[in-house]
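As a basis for the values below, the full set of heavy atoms in this structure was taken, side chains included, without hydrogen atoms, waters or symmetry mates. Each chain gets a letter, A, B and so on, in the order the sequences are listed, and its residues count up from 1.
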2 protein chains.
Amino acid sequence: MPKRVDHEERRTEIAEALVRVAGRRGLHAVGMRDVAAEAGVSLRLVQYYFETKEKLLLYGLQHLAAGFGERVAARVRAAGENPGPRATIEAMLLASLPTDEGSRTFHLVHTSYAVLAVTDAALADQPFLKSPDAAEDAVTDLLQQAKDAHLARPGTDARVEAISLLAMSAGLGTSILAGQRSPESAAAVLDAHLDRIFRDGGRND
Amino acid sequence: MPKRVDHEERRTEIAEALVRVAGRRGLHAVGMRDVAAEAGVSLRLVQYYFETKEKLLLYGLQHLAAGFGERVAARVRAAGENPGPRATIEAMLLASLPTDEGSRTFHLVHTSYAVLAVTDAALADQPFLKSPDAAEDAVTDLLQQAKDAHLARPGTDARVEAISLLAMSAGLGTSILAGQRSPESAAAVLDAHLDRIFRDGGRND
DNA sequence: ACGATCATGGTACGTCTGTATCATGAAGGT
DNA sequence: ACCTTCATGATACAGACGTACCATGATCGT
């Protein structure tokens, strides 16, 4: 036989090609042949490693979500050795905004998947839909910690604020993608809300 | 000739068929033949009233946006004879959430269009993308009025809060659509923020 | 009443799509 | 050394898609 290749590695390369072309021309416009060309392989190879298009899409989605998770984690680590709850939350939220080309692609393709999932049963019960729940729990915990440490205003409802921040972040991200808002102004809005939640020192408003 | 028909009326019927099938099976999956079947006319007729698919999509988008505008306006009117700023804003935001089947369809199709617009130049510079700006101005004005009338907390930055509320509303709407959140909990989150902005009486926190 | 015009039907064409089939060289096990 | 098995190529197929073309009653203006 020919050289035994690492299937998983191959699949990753193809999935990344899928994400690239989806980010460029939109997920709806991506075909098997496009992915093959972008990955520099033949159509047959894409069929070989992913038997059907649906499996390719599913794998691509997982790969996308994993990459996003790493991106956020790296951003949080970059926030410092022992960042406070606010710095951590801020890093998470800002990492979710489509600022550079990479996160723009992620946001666009992710939203495309989400739209598809509404009418496609196979994508609907995919675990990537649960990652927002995980994020919500994480932010809630951080806010609760801040509240316990008297870093946040006493009246804060941790979960409601967590939901709000994540929904805002998602909404702002979409409007950045649509070209309605600049990343800077979106970041400023998020910061304003964090300022409100994390009162500094003893000010009571 | 045959009975002279009202072209605009016909186009509206077909556009509504487009929106219905798009809401059911997703905008990406909608074809000329599907629209024709849903509208109960022949494929030729869809071609006759909209020469090309792109024109059909554009018209459908306008129709969708117009319908949404009416929906919101009706909801605001239903808020009472002379509603205060808070009731008005609340009506606007709640009308934007995908609660019933109609608004669910609107949200889904609208989001599909927005995703397409990112990679499609023809849709990108469509006026419906400006309606968020109009909403932002309207909410900002209402918040400013409330502030001037001492109904809102003094520290409120009207525009930042308007942006936040609309972004939250959009983000919450998307998560409702994805089945991650119930309409009720989303409405509760929005209400919590309105409670915060519109302090009651003389409380200073 | 008649011819120009409008609304509609049917259908064919070319292209693109995802998938399946046939073919073949290259290297593993024994 | 041989035969199986793996990786890859080329291409064919059936269907759906948007669009274009031809046909034909119906009715309006005159």
Side-chain angles (χ1 to χ4, degrees), chain A residues 1-22 24-61 109 112-113 115-116 119-123, chain B residues 1-22 24-61 109 112-113 115-116 119-123:
Chain A
M1 12 181 157
K3 260 201 314 228
R4 300 292 272 271
V5 298
D6 183 340
H7 274 220
E8 209 52 37
E9 186 179 342
R10 212 70 131 137
R11 289 162 65 88
T12 297
E13 287 172 13
I14 295 177
E16 281 174 354
L18 161 69
V19 170
R20 276 199 302 277
V21 58
R24 209 180 316 131
R25 298 213 296 271
L27 187 60
H28 66 282
V30 64
M32 296 267 149
R33 288 163 178 85
D34 303 293
V35 175
E38 175 77 21
V41 300
S42 75
L43 169 62
R44 179 67 180 84
L45 265 271
V46 180
Q47 282 189 271
Y48 183 66
Y49 290 104
F50 303 91
E51 328 221 335
T52 174
K53 186 186 185 182
E54 186 175 39
K55 292 181 183 173
L56 169 60
L57 288 178
L58 251 42
Y59 190 90
L61 173 56
V109 181
S112 302
Y113 270 114
V115 168
L116 286 189
T119 46
D120 183 313
L123 276 106
Chain B
M1 14 181 156
K3 260 204 311 228
R4 299 291 273 272
V5 296
D6 184 340
H7 274 220
E8 209 52 38
E9 186 179 341
R10 212 71 131 138
R11 289 162 64 88
T12 297
E13 286 172 14
I14 296 176
E16 280 174 356
L18 160 68
V19 170
R20 277 198 302 276
V21 57
R24 208 180 316 131
R25 298 214 296 272
L27 187 59
H28 66 282
V30 69
M32 295 270 151
R33 288 167 177 83
D34 304 293
V35 175
E38 175 76 21
V41 300
S42 74
L43 169 61
R44 180 66 180 86
L45 264 271
V46 180
Q47 281 190 269
Y48 183 67
Y49 290 103
F50 302 92
E51 328 220 335
T52 173
K53 186 186 184 182
E54 186 176 39
K55 292 180 183 174
L56 170 60
L57 288 178
L58 250 43
Y59 190 92
L61 172 56
V109 180
S112 302
Y113 270 115
V115 168
L116 286 189
T119 46
D120 183 311
L123 281 133

Is there a side-chain contact between [X] and [Y], using heavy atoms and a 4.5 Å cut-off?
X	Y	result
B/Leu56	B/Tyr49	no
B/His28	A/Val115	no
B/Leu43	B/Met32	yes
B/Leu18	B/Val109	no
B/Val30	B/Glu38	no
B/Leu57	B/Tyr113	yes

When the distance from [atom1] of [X] to [atom2] of [N] is rounded to whole Å, what number comes out?
X	N	atom1	atom2	value
A/Gln47	D/dA10	CD	P	14 Å
B/Tyr48	D/dC21	OH	P	17 Å
B/Leu45	D/dT19	CG	P	16 Å
B/His28	D/dA16	NE2	P	16 Å
A/Glu51	D/dA7	CD	P	13 Å

For this session: Could you list by number each residue of residues 6-15 of chain B showing a heavy-atom separation from DNA chain C of less than 4.0 Å, or answer none if no residue does?
Result: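 Going residue by residue through residues 6-15 of chain B, the ones with a heavy atom under 4.0 Å of DNA chain C turn out to be B/His7, B/Arg10.
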
For this session: Determine whether any donor atom in the side chain of A/Arg44 lies under 3.5 Å from an acceptor atom in the base of C/dT21, or the reverse, and answer yes or no.
Result: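 Per atom types, the contact qualifies.
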
Closest approach of [X] and [Y], non-hydrogen atoms and distance?
X	Y	value
A/Glu54	A/Ala122	OE2-CB, 2.9 Å
B/Leu123	B/Asp120	N-OD1, 3.2 Å
B/Val19	B/Gly60	CG2-O, 4.3 Å

For this session: Taking only the side-chain nitrogens and oxygens of A/Ser42, find out if one of them lies under 4.0 Å from OP1 or OP2 of D/dG9.
Result: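 Yes.
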
Problem set entry | Selected nucleotide, minimal atom distance to A/Tyr49 side chain, candidates D/dA7, D/dC22, C/dT21 |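 Of D/dA7, D/dC22, C/dT21, D/dA7 is nearest to the side chain of A/Tyr49.
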
Pairs under 3.5 Å (N/O, protein and nucleotides 14-18 of chain C):
from	atom 1	to	atom 2	distance (Å)
C/dG18	OP1	A/Lys53	NZ	2.6
C/dG18	OP2	A/Met32	N	2.9
C/dG18	N7	A/Arg33	NH1	2.8
C/dG18	N7	A/Arg33	NH2	3.4
C/dG18	O6	A/Arg33	NH2	3.0

